[in-house]
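Let me begin by presenting the structure, written as structure tokens, before commenting on it.
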2 protein chains.
Amino acid sequence: MLKTAVEIDKAAMILKLFGDRTRLTMMKILDHHDCCVCEFVEIFQASQPSISQHLRKLRDVGLVREERRGQWIFYSINKSNDYYPFVQKILDQLPDQDHKLKELEEQGTRITCC
Amino acid sequence: MLKTAVEIDKAAMILKLFGDRTRLTMMKILDHHDCCVCEFVEIFQASQPSISQHLRKLRDVGLVREERRGQWIFYSINKSNDYYPFVQKILDQLPDQDHKLKELEEQGTRITCC
DNA sequence: TGTATATATAAGCAAATCATTATATAATGA
DNA sequence: TCATTATATAATGATTTGCTTATATATACA
């Protein structure tokens, strides 16, 4: 009974995070590729603090992880999150966003350090 | 390309609506049973305008339909919505909420008109 | 026809959200 | 060591959200 209520609440919390175009696209990209903050800044043509704040929300609930690699901080999907199976079924239904990374590569702004 | 962007945007719009505990639970219930407004008022112990406003948001994007039956207005899932397959895959992962309707039946507040 | 019931809608308000600007921190490289 | 680059965080403000209260409308029923 109680467990059920908690699960619906937790699902709603995740869906609320996904109810933002930027965060949803981030998650779709991260499901296939790690990315650093500055790549997202390029992809979304958004300010760096704005991107950092979106990533922080995703990190705060354990959906993504951060890892420093030299000068950059890379984000990746946290596949060991309890709700990853739920998350994955949603992301699987979204159109591939690889073209956004391809554009960065063509521009030469994709970070391929480490 | 453009189509892709629109689809992600549309998905984000739906997920934003689902990012609310009340609306998400409503959708899960409606996926199996039609319900009228006063039943939701009982289930969520919420005010009637609050429930009506949530239902309106779901209706405005075509996720649910309304239909008058005598004194009551019943809401149902709109399975012909383009995004219903997407919606259904999300709802399928949520715990069954039938116990909420059972409680109404036990209380005698379930509407079974028409 | 008048009253009660079910619902929708409008207006107002507090809280949440999302961007911006400003600043701090950490790593790199000259 | 100093300047640059990448990032996080704090503070602020505009917008959105979700509730409440008040009111309008439609049906049912005596």
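Every heavy atom of this structure was used, including side-chain atoms; hydrogens, water molecules and symmetry mates were not.
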Point to revise | Exam field: side chain A:Q45 to backbone A:I43, donor-acceptor pair closer than 3.5 Å | key: no
Practice item. Would you please confirm or rule out a distance under 4.0 Å between OP1 or OP2 of D:dA10 and any side-chain N or O of A:R56? Key: no
**Study point:** Length of the line joining B:F74:CZ and C:dA8:P, which is rounded to integer Å
**Key:** 12 Å
Exercise for review: Please determine, for the side chain of B:R68, which listed nucleotide (C:dA27, D:dT27, C:dA8) has the closest atom?
Suggested key: D:dT27
Exercise for review: Under 4.0 Å between any heavy atoms, over every strand shown, what does B:F40 touch: base, sugar-phosphate, or nothing? Just pick one.
Suggested key: nothing
Review point. Looking just at side-chain N and O atoms, do B:H33 and B:D98 make a donor-acceptor pair shorter than 3.5 Å?
Key: yes
Review point. What is the distance, rounded to the nearest whole Å, between atom CD1 of A:I73 and atom P of C:dA27?
Key: 9 Å
Point to revise | Whole-Å gap separating P (C:dA4) and CH2 (B:W72) | key: 18 Å
Practice item. List the steps and the verdict of side chain to side chain contact (heavy atoms under 4.5 Å, CB included) for A:Y75 and A:I29. Key: CA-CA 11 Å; A:Y75 281 82; A:I29 292 174; over 6 Å; no
Practice item. Round to a whole Å and report the spacing from CD of B:E66 to P of C:dA6. Key: 17 Å
Exercise for review: Taking only the side-chain heavy atoms of A:Q71 (C-beta and beyond), determine which of C:dA6, D:dT5, D:dT9 contains the nearest atom.
Suggested key: D:dT5
Review point. Does a donor on one side chain sit under 3.5 Å from an acceptor on the other, for A:Y84 and A:D31?
Key: yes
Review point. Could B:R69 and B:D34 be called an ion pair, given the rule that one side-chain N must be under 4.0 Å from one carboxylate O?
Key: yes
Review point. Please walk me through it: do B:E103 and B:H99 pass side chain to side chain contact (heavy atoms under 4.5 Å, CB included)?
Key: CA-CA 6 Å; B:E103 282 164 27; B:H99 63 280; 3.9 Å; yes
Study note, to complete from the structure: In whole angstroms, the gap separating P of C:dT9 from CD1 of B:I51 amounts to 15 Å
Review point. How many Å lie between CE on B:M13 and P on D:dT16, as a whole number?
Key: 14 Å
Check your understanding: What's the shortest heavy-atom distance between A:I8 and B:P95, and which atoms?
Key -> CG1-CG, 4.0 Å
Check your understanding: Think A:Y75 has a side-chain N or O under 4.0 angstrom from the OP1 or OP2 of D:dA6?
Key -> no
Check your understanding: Whole Å only: how far is the CD atom of A:Q48 from the P atom of D:dA10?
Key -> 14 Å
Exercise for review: May I have the distance from A:L55 (atom CG) to D:dT7 (atom C1'), rounded to whole angstrom?
Suggested key: 10 Å
Practice item. Could you check B:T22 against B:F40 for side chain to side chain contact (heavy atoms under 4.5 Å, CB included), going step by step and ending with a plain yes or no? Key: CA-CA 9 Å; B:T22 303; B:F40 283 130; over 6 Å; no
Point to revise | Estimated bend of the helix from C:dT1-D:dA30 to C:dA30-D:dT1 (axis per five terminal pairs, rounded to 10 degrees) | key: 10°
Exercise for review: Any chance you could lay out the side chain to side chain contact (heavy atoms under 4.5 Å, CB included) test for A:E7 and A:Y83, step after step, and finish with the verdict?
Suggested key: CA-CA 10 Å; A:E7 281 176 4; A:Y83 283 78; 3.7 Å; yes
Practice item. Using a 4.0 Å cut-off on protein heavy atoms (strictly under), produce a 5'-to-3' string for nucleotides 12-19 of chain C with B for base contact, S for backbone-only sugar-phosphate contact, and - for none. Key: -----SSB
